[in-house]
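Throughout, numbering of the chain's residues begins at 1 and tracks the sequence. Atoms within each ligand, like the ligands themselves, are counted from 1 in listed order.
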Amino acid sequence: MAESLDFDIVIIGAGPAGLGFARSLADTGLQIAILEKLPESVLADPPADGRDIALTHTSEATMRDLGMWDHIPADRIGTIRDAKVVNGQSPYALHFDASRSGADYLGHIVPNFLIRRAAYNVVKDFDNITLFTGVEVTDVHTDTAAGTVTLADGRTLSARLVIAADSRFSGTRRKMGISAAMQDFGRVVIVCEMEHELSHNDTATECFHYDQTLAILPMHGNLSSVVVTISADRADDIMAMTPEAFADDIANRFGNALGKMTLVSERHPYPLVSVYADKFITTRFALVGDAAVGMHPVTAHGFNLGLFGADVLSGEIRHALQNGTDIGDFGVLSRYQSRHRRKSRPIYLGTNVLVKLYTDTSPPARILRDAALRLGNILPPVKSGIMRQLTEIDRRAG
Ligand SMILES: Cc1cc2nc3c(=O)[nH]c(=O)nc-3n(C[C@H](O)[C@H](O)[C@H](O)COP(=O)(O)OP(=O)(O)OC[C@H]3O[C@@H](n4cnc5c(N)ncnc54)[C@H](O)[C@@H]3O)c2cc1C
């Protein structure tokens, strides 16, 4: 007979959000299962994927609490002290300067594969967390009594709460009948790391050219994370450029501000599709990480929001445990949903509007872009709101 296993929580997906969420409940004694389709060797030593993740102060504080920060080598952490947004060839730039917010820096930036590795390292040794790797989920079902997850090898896992943290294209979300708004931007983002002659001065720069967007994010030393956003039909041409031609093109587009540039990693293309689930919960079930909100990367919020949501949900579960309430209770999940949606929805919608504005090549859009940059500089509330978003710490207790 096929094996049947009982847990308090089953998490589908061992990405940084699923693992971070598991770690945040590790000391509660809850029995937690994590199901992941990749083999354990990949979780332990994930390959570089080109993504460098800009982290807010809130995310850094959460990662420190979870012990993840200690697993990130100090010489792979970049610091963003200053950020500029430039519109085409216009000399005008919207400027964010950490010193004006009272903080020492706007955020740190860390390669995604190191975040994934750190997230694995902080859960792997807990006796109450069981990792099932290389498994395929074939069915998920929940009712008022329990949730049940079936694996391709016939095993079933039951739990009081089932969590889907299986990416923005979450198969579990679909199996549970939760619809999601998806926006395909018809564009591709190409990410890589580049070394350069001159210092980036810890400044992140986003240049909106009319045919492509270029972001340069400061990593450690004279290394930057380069993010090129381009129409999907032109992505293959950029991927096919020789490393030297690609590097010269990027240096040119950046006005040679960093001197000679050299490509020092693979180029990784990601199709740009943003996703917002129509609801984050149903009976004994919740979405976490990109499965709930899959952001366009331009405003660097995806993982930050995923970590925030995981932190809020684990806080609600802790309250439930203290009060003797069922951790899968609908009220517990509803509080998570409303707090996460209240924070994430304006950011999600605002990012999509920004992307449209900055990829529209019509003259009115260009004028509006320039006006938006000027207004952002002139109106202190707009600017300080964005700075607060980056530097203030917003935790579950807050
Ligand atoms: C180019 C780029 C740049 C970015 N930059 C930033 C940034 O600067 N700041 C920021 O905050 N965010 C950024 N992000 C977003 C960030 O990378 C994501 O939000 C984050 O990785 C999502 O983590 P996750 O755990 O929710 O999902 P994922 O990382 O997608 O992990 C999902 C996991 O689930 C597993 N899985 C999938 N299906 C199944 C299944 N059926 N069964 C079992 N396991 C399954 C997968 O193998 C994977 O391990 C960026 C994203 C991109 C693409």
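Taking each heavy atom of G259 and L198 in turn, the nearest pair found is N-CD1, 3.7 Å.
Per-residue contacts place A17 under 4.0 angstrom from the following atoms of ligand 1 (heavy atoms of the residue considered): 24 (P), 25 (O), 26 (O). If you number the atoms of ligand 1 from 1 as listed, the ones under 4.0 Å from a heavy atom of L35 come out as 43 (C), 44 (N). Within ligand 1, the atoms closer than 4.0 Å to a non-hydrogen atom of R116 are 48 (C), 49 (O), numbered from 1 in the order shown. With ligand atoms numbered from 1 in the order given, ligand 1 contributes 47 (O) to contacts under 4.0 Å with heavy atoms of L38. Close contacts of ligand 1 with D52, meaning ligand atoms under 4.0 Å from a residue heavy atom, involve 5 (N), 8 (O).
Aromatic ring centroids of H301 and Y348 lie 6.0 Å or more apart.
Taking each of A300, P297, G289, A152 in turn, the one with a heavy atom nearest to atom 4 (C) of ligand 1 proves to be P297. Distances from atom 19 (O) of ligand 1 to the heavy atoms of V137, D290, V288 show the closest one on D290. Considering only non-hydrogen atoms, atom 5 (N) of ligand 1 lies nearest to I53 out of T172, I53, T133.
Each of I12, T150, V10 was compared with V140 under the side chain to side chain contact (heavy atoms under 4.5 Å, CB included) criterion, and only I12 meets it.
Between R284 and D326 there is a salt bridge, with a side-chain nitrogen of the basic residue lying less than 4.0 Å from a carboxylate oxygen of the acidic one. The pair R318-D27 counts as a salt bridge, with a side-chain nitrogen and a carboxylate oxygen less than 4.0 angstrom apart.
In A165, the part holding a heavy atom less than 4.0 Å from any atom of ligand 1 is the backbone. Contacts with ligand 1 closer than 4.0 Å are made by no heavy atom of M295, backbone or side chain. Contacts between V191 and ligand 1 below 4.0 angstrom, taking non-hydrogen atoms only, involve the side chain exclusively.
Residues D290 and V275 are not in side-chain contact: their nearest non-hydrogen atoms beyond the backbone lie 4.5 Å or more apart.
Here the protein heavy atom with the shortest distance to atom 17 (O) of ligand 1 is R51 NH1, 2.6 Å. Of all protein heavy atoms, the one lying nearest to atom 48 (C) of ligand 1 is E36 OE1, 3.6 Å. Atom 43 (C) of ligand 1 has as its closest protein heavy atom K37 N, 3.3 Å. Protein heavy atom nearest atom 12 (N) of ligand 1, with residue, atom name and distance: F303 N, 3.0 Å. Shortest contact from atom 7 (C) of ligand 1 to any protein heavy atom: A54 N, 3.5 Å. Atom 38 (N) of ligand 1 has its closest protein heavy atom at D166 CB, 3.5 Å. Scanning the protein heavy atoms around atom 29 (O) of ligand 1, the nearest turns out to be P16 CD, 3.5 Å. Of all protein heavy atoms, the one lying nearest to atom 33 (C) of ligand 1 is G15 N, 3.6 Å.
Side-chain contact, T56 with S59: a donor N or O sits under 3.5 Å from an acceptor N or O.
Open room surrounds CZ on R174; 12 or fewer heavy atoms of other groups in view lie less than 6.0 Å from it. Heavy-atom contacts from other residues, nucleotides or ligands closer than 6.0 Å to CD of E266 number 12 or fewer.
Distance alone, capped at 3.5 Å, is enough to place a donor-acceptor pair between the E36 side chain and the L38 backbone. Looking at R267, its side chain does come within 3.5 Å of a backbone N or O of I238 through a donor-acceptor pair.
By the criterion of side-chain heavy atoms lying less than 4.5 angstrom apart, applied directly or through intervening Ile, Leu, Val, Met, Phe, Trp or Tyr residues, F7 is not grouped with I129; the two fall into different hydrophobic clusters.
Among the atoms of S167, none of the N or O lies under 3.5 angstrom from an N or O of ligand 1. Checked against a 3.5 angstrom limit, the closest N/O atoms of R168 and ligand 1 fall outside it.
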